[in-house]
Amino acid sequence: MTHPALMPRVPGHRPLLLDLFCCAGGAATGYHRAGFDVVGVDIVERPNYPFAFIRADALEYLAALIASGEIRRFRAVHSSPPCQAGCALTVGTNASQGWGGDHSDLVAPTRELLDRTGLPYVIEQPNGRAKIRKDLSLCGEMFRLGVLRHRNFELGGWIIDRPVHPKHRGYVRGYRHGVYRDGPYVAAYGDGGGKATVPEMQTAMGITWTDVREELTEAIPPAFSEHIGRALFTAIRPVEVAA
């Protein structure tokens with residue numbers, strides 16, 4: 001794990017955002033476009049991540065930042081904690097700290113640490129059983145993307161207007177229950193069954209810097225986080241001016 005004192009220095013005077021469980025940087029790219037500099041943290045090496053990157057257990061690293069006071073370098077935090085049973089990302093931290101119980105649901109321990117930072121934050125999760133407040137829900141059709149990619153966001157310490165969910169233009173292309181349907185959206189997950197190729201996923205989500213299927217299937221489109229980031233940037237701007 002990288003010690004907080006060795007955290008890479010990010011040039012410029014843009015507010016600094018911490019991107020936890022960062023994968024290949026779909027969220028980070030949107031925040032960067034919205035005006036932030038970004039530091040990503042992931043337990044897996046991510047050579048395609050387009051910004052400053054630290055390989056570390058995200059929760060251990062965040063706890064160390066809080067303990068050292070280095071967290072004060074940041075103005076906001078984005079997190080996409082895993083919530084799948086048996087996920088390898090929980091090995092180590094989950095066992096040693098007692099976080100997550102018998103499952104790799106890291107939402108609750110992530111929220112606990114984020115609340116301790118005193119910073120505005122975002123917790124992102126797909127539709128499912130993750131226990132988060134759905135303060136914001138986004139869909140690819142809101143941005144005329146080639147994926148639907150429904151995602152929910154819990155916001156801590158700030159608010160954002162909820163956009164109207166537009167009617168979908170058609171089906172997601174592929175097989176469902178043995179029936180093939182065509183449509184304007186591709187399925188950016190899994191393989192086979194009419195699901196998207198790597199180039200199709202890149203085009204549909206606006207992600208060009210990685211061609212690793214696993215990274216693409218885990219990513220959120222940068223348009224989502226750019227939308228969030230612009231509102232977040234406005235929310236913290238009075239603090240930035242005062243500083």
Side-chain angles (χ1 to χ4, degrees), residues 1-4 7 16-28 30-31 38-46 48-49 51-68 70-71 74 76-138 149-158 189 212 214-221 224-225 228-229 232:
M1 172 180 160
T2 304
H3 190 277
M7 192 172 68
L16 190 58
L17 181 139
L18 182 62
D19 180 19
L20 300 175
F21 312 98
C22 66
C23 197
Y31 285 114
V38 184
V39 174
V41 182
D42 202 293
I43 201 166
V44 177
E45 193 64 48
R46 297 294 183 181
N48 294 318
Y49 191 78
F51 308 107
F53 174 81
I54 296 162
R55 182 177 180 180
D57 180 288
L59 295 187
E60 288 183 357
Y61 190 75
L62 179 57
L65 286 175
I66 294 169
S68 69
E70 279 284 308
I71 193 63
F74 295 92
V77 186
H78 173 94
S79 63
S80 298
C83 62
Q84 310 95 322
C87 178
L89 292 180
T90 64
V91 176
T93 297
N94 199 36
S96 65
Q97 301 297 328
W99 291 334
D102 295 329
H103 303 282
S104 61
D105 181 353
L106 297 188
V107 172
T110 299
R111 181 190 296 112
E112 179 183 348
L113 285 175
L114 291 174
D115 283 335
R116 287 171 53 191
T117 69
L119 297 173
Y121 63 78
V122 178
I123 302 175
E124 175 264 327
Q125 290 288 289
N127 277 339
R129 297 181 179 178
K131 295 180 180 179
I132 66 168
R133 293 191 317 271
K134 297 179 182 179
D135 298 322
L136 177 68
S137 297
L138 295 179
R149 209 66 161 177
H150 295 104
R151 289 295 184 271
N152 301 311
F153 303 86
E154 178 175 322
L155 310 179
W158 69 292
Y189 56 87
V212 177
E214 176 262 339
E215 292 181 342
L216 289 165
T217 59
E218 292 291 328
I220 67 170
F224 287 16
S225 51
I228 295 170
L232 179 57

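All residue numbers refer to positions in the sequence shown, counting from 1.
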For this session: Can you sort out the partners of Phe224 under ring-ring contact (aromatic ring centres under 6.0 Å, His included), two or more places apart, ordered by chain and number?
Result: Phe143

Seminar exercise, completed: Rounded to the nearest 0.5 Å, the CG atom of Asp42 sits from the CZ atom of Phe21 at a distance of 8.5 Å

Exercise. So do the side chains of Arg149 and Pro221 get within less than 4.5 Å of each other, counting heavy atoms only?
Worked result: yes

For this session: Please list, chain by chain and in numerical order, all residues satisfying side-chain contact (heavy atoms from CB on, under 4.5 Å) with Ala219, sequence neighbours excluded.
Result: Ile207

For this session: Determine, using ring centers only, whether Tyr31 and His78 are less than 6.0 Å apart.
Result: yes

Seminar exercise, completed: Taking every heavy atom of Leu16 against every heavy atom of Val38, the minimum-distance pair comes out as CD1-N, 4.2 Å

Seminar exercise, completed: Here the gap from Leu20 atom CG to Tyr121 atom OH, rounded to the nearest 0.5 Å, amounts to 12.5 Å

Seminar exercise, completed: Value for CG (Leu59) from CD (Glu112), rounded to nearest 0.5 Å, stands at 9.5 Å

For this session: Could you tell me which non-hydrogen atom of Ser225 sits nearest to which non-hydrogen atom of Gly26, and how far apart they are?
Result: OG-O, 3.7 Å

Problem set entry | Closest approach of Pro126 to Asn152 (non-hydrogen atoms, all atoms of both residues) | O-ND2, 4.0 Å

For this session: Would you name the heavy atoms of Phe74 and Val39 that are closest together and state the gap between them?
Result: CE2-CB, 4.1 Å

Seminar exercise, completed: Those residues at least two apart in sequence (or on a different chain) that pass salt bridge (Lys or Arg N to Asp or Glu O under 4.0 Å) with Arg116 are none

For this session: Could you check Phe153 against Asp135 for side chain to side chain contact (heavy atoms under 4.5 Å, CB included), going step by step and ending with a plain yes or no?
Result: CA-CA 6 Å; Phe153 303 86; Asp135 298 322; over 6 Å; no

For this session: List the steps and the verdict of side chain to side chain contact (heavy atoms under 4.5 Å, CB included) for Tyr189 and Leu216.
Result: CA-CA 8 Å; Tyr189 56 87; Leu216 289 165; over 6 Å; no

Exercise. Partners of Arg151 by salt bridge (Lys or Arg N to Asp or Glu O under 4.0 Å), sequence neighbours excluded?
Worked result: Glu124

Exercise. To the nearest 0.5 Å, what is the distance between OH (Tyr49) and CG (Asp19)?
Worked result: 3.5 Å

For this session: In sequence, state the C-alpha distance, the side-chain angles, and the governing distance for Asn48 and Glu215, and then conclude on side chain to side chain contact (heavy atoms under 4.5 Å, CB included).
Result: CA-CA 9 Å; Asn48 294 318; Glu215 292 181 342; 3.1 Å; yes

Seminar exercise, completed: Contacts of Thr117 meeting side-chain contact (heavy atoms from CB on, under 4.5 Å) (sequence neighbours excluded), chain-then-number -> Leu62, Ile66, Ile71, Leu119

Exercise. Minimum heavy-atom separation for Pro81 to Gln125, with atom names?
Worked result: O-NE2, 2.6 Å

For this session: Evaluate the side chain to side chain contact (heavy atoms under 4.5 Å, CB included) criterion for residues Arg111 and Ile123: first the C-alpha distance (whole Å), next the side-chain angles of each, then the deciding distance (0.1 Å), finally the verdict.
Result: CA-CA 8 Å; Arg111 181 190 296 112; Ile123 302 175; 3.9 Å; yes

Problem set entry | Point-to-point distance, once rounded to the nearest 0.5 Å, from CD of Glu154 to CD1 of Ile132 | 6.0 Å

For this session: Write down the atom of Val41, the atom of Ala58, and the distance for their closest heavy-atom approach.
Result: CG1-CA, 3.9 Å

Exercise. For Asp115, which residues count as a salt bridge (Lys or Arg N to Asp or Glu O under 4.0 Å) partner, sequence neighbours excluded?
Worked result: none

For this session: Supply the atom-to-atom distance Leu113 CG to Ser79 OG, rounded to the nearest 0.5 angstrom.
Result: 10.0 Å

